[in-house]
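Below is one structure; the comments refer to it alone.
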Number of protein chains: 2
Amino acid sequence: MTDREHLYLRLTVDLVILTVRANDLHVLLIERDNEPFRFRPALPGGFLRGGEDLRQAAERELAEETGLQGTSLHLEQLAVYDSPDRDPRGPIFSVAYLALAPDLPIPTAGSDARQAQWARVDDVAGELAFDHDRILADAVERARTRLEFTTLATAFCGPCFTIGDLRNVYEVVWGTELDPRNFSRKVLSTEGFIEPTGGKRVQEVGRPAALYHRGPALTLHPPILRTTAGTE
Amino acid sequence: MTDREHLYLRLTVDLVILTVRANDLHVLLIERDNEPFRFRPALPGGFLRGGEDLRQAAERELAEETGLQGTSLHLEQLAVYDSPDRDPRGPIFSVAYLALAPDLPIPTAGSDARQAQWARVDDVAGELAFDHDRILADAVERARTRLEFTTLATAFCGPCFTIGDLRNVYEVVWGTELDPRNFSRKVLSTEGFIEPTGGKRVQEVGRPAALYHRGPALTLHPPILRTTAGTE
DNA sequence: ACAAAAGTGTTCAATTTACACCCATGG
DNA sequence: CCATGGGTGTAAATTGAACACTTTTGT
């Protein structure tokens, strides 16, 4: 901090792990057990260690918190957060990662003491430690646009899913309602988005739905645009 | 926890400054005058100093290289580049920023010894120091999608421009041709994209074109999509 | 008058939207 | 039989691409 030219600093990696549970978008949060912000909810994360690159650190945190191998989840870099006063301990920048996960059985309590829990995104606005409210908001916005232009909605689903499941992802993440009939057609007519497994899922009520898994396509041509009409 | 819990490291900030000159997309490059990669072309950038945040560092570099106040240009964070072997001096991460500039008079030689020059983006592929080829490629791709969904094409133009100028930006950045007539209508029908100044610009040849300046809108509804048709 | 670029009008095709209607299942 | 959700067909509305044609300048 004294040497003007070569500043050495510490980096943290913070994870925004999103999932769709029932009818709400959820984020995985931990309760901090150290100062600063002790006992406040926060995004899982930690300091970068020697020999790691950022992605490895993100995958390590992910495994610690969820027990999942990072390779099975979508994990993308969001941005660096660098407000000088974001951490009371001093200038510590954070690289945020966004992970999209299917509805996991439970955030495996087998983590390191601090208990991880799913929380409704709408419930935690303004509650989080550091600048994590802003990081979360940015992450949700990123997820929303990812659904428009990529096939990542499937990252919220398990290996097999119905078109109704997929539509539910769009509706929950976007907070809108979609016409089931047109949605179905749109998804099916997009080459490589989803592929039929041949199976069917019988539900509590109604006609059984065909099951699909992810196709090879990564981007959507054409995109499935939100009709944000008006929000400028 | 392991013995190497808190890794301290240095960060650099690298700038991809793009502009549209004549009929090609150009990037501002410097020739390195220090090892490593001495005498090789590279993106302008440097180490983060104490007391700076990343944006301040980016604006400082920008001012040093171009003489421009950063506030007048679009400047956005791209990503962190963290390959362990990206810098032979050791683990040094770089935060890349993308700047869009109008065709500047010249990269003001009044900088710090190392001469900055515009280079055609297509000419420098594979030539750059560090992982700057990749950073440049990512930046160009980001700029391309920015034109689709935001009003940032105007960031390549001066305070006053014609619709033809704006179309030229799209054509050069995308590497495609656009129908002047449909483009004109599309731009004019997008609320808040451009606003008439009332003036006209007489050119060497042809009918004088009306002049416009930026409007208040930041995003395009609807977007102006590239017809990438087929590239998957 | 002619070339060149700006700008307008019109047509046709593609896409989106809305919704009537049928299908398959549990109660 | 009915309720419920899955899925198909189709017509109207909107959007986009193509292009004939007019306008305004310099030479």
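By convention in this document, chain letters (A, B, ...) are assigned in the order of the sequence lines, proteins followed by strands, and residues within each chain are numbered from 1.
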Under 3.5 Å donor-acceptor, B/Glu171 side chain and B/Leu178 backbone: yes
side-chain hydrogen bond (donor to acceptor under 3.5 Å, both in side chains) partners for B/Tyr212, two or more places apart: none
Short side-chain donor-acceptor distance under 3.5 Å, B/Asp14 and B/Tyr81: no
Salt bridge B/Arg134-B/Glu141, side-chain N to carboxylate O under 4.0 Å: no
A/Thr151 side chain to A/Ala217 backbone, donor-acceptor under 3.5 Å: yes
Flag, side chain of B/Asp24 to backbone of B/Arg120, donor-acceptor distance under 3.5 Å: no
Working for salt bridge (Lys or Arg N to Asp or Glu O under 4.0 Å), residues B/Glu195 and B/Arg214: CA-CA 6 Å; B/Glu195 293 175 344; B/Arg214 311 187 216 298; over 6 Å; no
Heavy-atom pair of closest approach, residues A/Arg144 and A/Trp174: O-NE1, 3.1 Å
Note: B/Glu148-B/Arg226 ion pair, threshold 4.0 Å (strictly below): yes
First-last contacting nucleotides on DNA chain D - partner chain A, under 4.0 angstrom, heavy atom: D/dT4 to D/dT10
Closest non-hydrogen atom pair between A/Ala99 and A/Leu62, with its separation: CB-CD1, 4.5 Å
First encountered from the 5' end of DNA chain C, between B/Ala209 and A/Pro208: B/Ala209
Residues in contact with DNA chain C, drawn from residues 171-187 of chain B - heavy-atom cutoff 4.0 Å: B/Arg181, B/Arg185
List, with names and distances, any nitrogen or oxygen atoms from the protein found under 3.5 Å away from nitrogen or oxygen atoms belonging to nucleotides 1-4 of chain C.
none

Degree of bending in the helix from C/dA1-D/dT27 to C/dG27-D/dC1 once both end axes are built from five pairs, to 10°: 10°
Separation of atom CG in A/Leu225 from atom C1' in C/dT15, rounded to whole Å: 12 Å
Residue pair B/Leu29, B/Leu128: steps toward the side-chain contact (heavy atoms from CB on, under 4.5 Å) verdict: CA-CA 9 Å; B/Leu29 296 180; B/Leu128 304 186; 3.8 Å; yes
is_close_aromatic(A/Phe183, A/Tyr170), centroid dist under 6.0 Å: yes
Donor-acceptor contact below 3.5 Å, side chain B/Thr197 vs main chain B/Leu211: yes
Side-chain donor/acceptor of A/Ser83 to backbone N/O of A/Arg86, under 3.5 Å: no
DNA chain D contacts made by residues 151-167 of chain B, counting heavy atoms under 4.0 Å: none
Polar side-chain atom of A/Gln77 near backbone of B/Val80 as donor-acceptor pair, under 3.5 Å: yes
